[in-house]
Enquirer: 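First, the structure itself, so that you have it in front of you.
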Amino acid sequence: QVQLVESGGGLVHAGGSLRLSCAAAGRTFSAYWAAWFRQGPGKEREFVATISWTGESTDYADSVKGRFAISRDNAENTVYLQMNSVKPEDTAVYYCAAVRTRPVGRREHSYDYWGQGTQVTVSS
């Protein structure tokens, strides 16, 4: 089992940048696919980005492609989400997720482990 803890959220102006971190504890993190999801006010949780075990494969939602970048440092057991050119519609609670096997598409139910989330608020 792996425990995930997100950090780095906060208030940022539109057009600015923010970097989220997800620290994993309990197991070797390199054995897990990792992903970021988000849930905006009054919305369902949605896929943001995912990264494979060693980082060679990534996938992004169309809404963040070209602005966000997911990466990982397995030596530090941490996954990152670099958020650039943020928009008010990026306002959400951002969740880190992980799974041992390759996930099925972008489905949140493919992921077994979740963090508690970190709030990101983008002001216009």
Side-chain angles (χ1 to χ4, degrees):
Q1 196 166 4
V2 64
Q3 293 82 41
L4 305 173
V5 179
E6 302 96 336
S7 62
L11 176 65
V12 59
H13 293 298
S17 297
L18 206 61
R19 189 176 80 157
L20 306 183
S21 299
C22 172
R27 294 289 184 183
T28 304
F29 199 39
S30 60
Y32 293 81
W33 274 70
W36 289 94
F37 286 77
R38 68 185 182 186
Q39 186 167 19
K43 299 180 181 180
E44 294 186 351
R45 190 155 57 184
E46 64 177 0
F47 169 82
V48 175
T50 191
I51 188 165
S52 60
W53 300 284
T54 58
E56 79 284 355
S57 179
T58 58
D59 183 32
Y60 296 91
D62 289 345
S63 59
V64 306
K65 196 173 295 183
R67 301 188 297 121
F68 292 9
I70 189 170
S71 62
R72 68 191 301 162
D73 184 341
N74 286 335
E76 296 293 329
N77 282 349
T78 303
V79 172
Y80 303 97
L81 184 69
Q82 178 66 44
M83 305 169 61
N84 299 325
S85 302
V86 296
K87 304 174 181 180
E89 50 264 43
D90 294 323
T91 294
V93 177
Y94 283 72
Y95 297 92
C96 179
V99 63
R100 287 292 300 269
T101 56
R102 186 185 185 103
V104 177
R106 301 171 174 181
R107 297 171 53 192
E108 65 174 283
H109 298 296
S110 293
Y111 294 85
D112 296 324
Y113 304 102
W114 292 83
Q116 293 300 305
T118 184
Q119 176 71 49
V120 172
T121 302
V122 182
S123 63
S124 57

Enquirer: I would like to know whether Thr78 and Asp73 meet side-chain hydrogen bond (donor to acceptor under 3.5 Å, both in side chains); could you show each step before the answer?
Expert: CA-CA 5 Å; Thr78 303; Asp73 184 341; over 6 Å; no
Enquirer: Working to the nearest 0.5 Å, report the span between CD of Glu76 and OG of Ser21.
Expert: 10.5 Å
Enquirer: Could you see if Val2 belongs to whatever hydrophobic cluster contains Ile51? Use Ile, Leu, Val, Met, Phe, Trp, Tyr and a side-chain cutoff under 4.5 Å.
Expert: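 Yes; Ile51 is reachable from Val2 via cluster members.
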Enquirer: Please determine which of Val79, Thr118, Val48 meets the side chain to side chain contact (heavy atoms under 4.5 Å, CB included) test together with Leu20.
Expert: Thr118
Enquirer: With a 4.5 Å cut-off on side-chain heavy-atom distances among I, L, V, M, F, W and Y, is there a chain of contacts connecting Trp36 to Phe29?
Expert: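 Yes, Trp36 connects to Phe29 through the hydrophobic network.
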Enquirer: Quick one: CZ on Arg19 to CD on Gln82, what's the gap to the nearest 0.5 Å?
Expert: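 One finds 7.0 Å between CZ of Arg19 and CD of Gln82.
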Enquirer: Within the structure provided, determine whether Gln1 and Gln3 are in side-chain contact (heavy-atom separation under 4.5 Å).
Expert: yes
Enquirer: Compare all side-chain heavy atoms of Asp59 with those of Arg106 and state whether any distance is below 4.5 angstrom.
Expert: yes
Enquirer: Side-chain contact test, heavy atoms from C-beta onward, threshold under 4.5 Å: evaluate it for Tyr111 versus Thr50 and give yes or no.
Expert: yes
Enquirer: Report the distance from atom OG of Ser63 to atom CD of Glu89, rounding to the nearest 0.5 Å.
Expert: 9.0 Å
Enquirer: Any carboxylate oxygen within less than 4.0 angstrom of a Lys/Arg side-chain nitrogen, looking at Asp112 and Arg100?
Expert: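 No salt bridge links Asp112 with Arg100.
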Enquirer: Can you list every pair that meets ring-ring contact (aromatic ring centres under 6.0 Å, His included) and has a residue in residues 41-86, with sequence neighbours left out?
Expert: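 Non-adjacent pairs meeting ring-ring contact (aromatic ring centres under 6.0 Å, His included): Trp33-Trp53, Phe37-Phe47.
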Enquirer: Report yes or no: is the cationic atom of Arg38 (NZ for Lys, CZ for Arg) closer than 6.0 Å to the six-membered ring centre of Tyr94, at no more than 45° off its axis?
Expert: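 Cation-pi check for Arg38 and Tyr94: fails.
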Enquirer: Using the rule that Ile, Leu, Val, Met, Phe, Trp and Tyr join whenever any side-chain heavy atoms are under 4.5 Å apart, tell me whether Ile70 and Trp114 fall into a single cluster.
Expert: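 Different clusters.
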Enquirer: Does Glu44 CD have over 12 foreign heavy atoms under 6.0 Å away?
Expert: no
Enquirer: Take Lys87 and Asp90, measure what salt bridge (charged side-chain N to carboxylate O under 4.0 Å, His left out) needs, and give me the verdict at the end.
Expert: CA-CA 5 Å; Lys87 304 174 181 180; Asp90 294 323; over 6 Å; no
Enquirer: Please tell me whether Leu81 and Val12 are part of a single hydrophobic cluster in this structure, the criterion being side-chain heavy atoms less than 4.5 Å apart.
Expert: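 As far as the 4.5 Å side-chain criterion goes, Val12 and Leu81 are connected within one cluster.
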Enquirer: For Pro103, is there any backbone N or O sitting under 3.5 Å from a side-chain donor or acceptor partner on Arg107?
Expert: no
Enquirer: Keeping Thr91 on the side-chain end and Val122 on the backbone end, is there a donor-acceptor pair under 3.5 Å?
Expert: yes
Enquirer: Step by step, would you call Val104 with Ser110 a side chain to side chain contact (heavy atoms under 4.5 Å, CB included)?
Expert: CA-CA 6 Å; Val104 177; Ser110 293; 3.5 Å; yes
Enquirer: If only atom types and distance count, is the side chain of Ser57 paired as donor or acceptor with the main-chain N or O of Ser52 below 3.5 Å?
Expert: no
Enquirer: Please give me the minimum heavy-atom distance between Leu11 and Ser123, naming the atom from each residue.
Expert: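 Scanning both residues, the minimum pair turns out to be CD1-CB, 4.3 Å.
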Enquirer: Within the 3.5 Å criterion, strictly below it, is a donor on Asn84 or Ser17 matched to an acceptor on the partner's side chain?
Expert: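 The criterion, which ignores hydrogens and geometry beyond distance, is satisfied for Ser17 and Asn84.
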Enquirer: Report the distance from atom CD of Glu6 to atom CD of Gln119, rounding to the nearest 0.5 Å.
Expert: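 Reported value, rounded in 0.5 Å steps: 12.0 Å.
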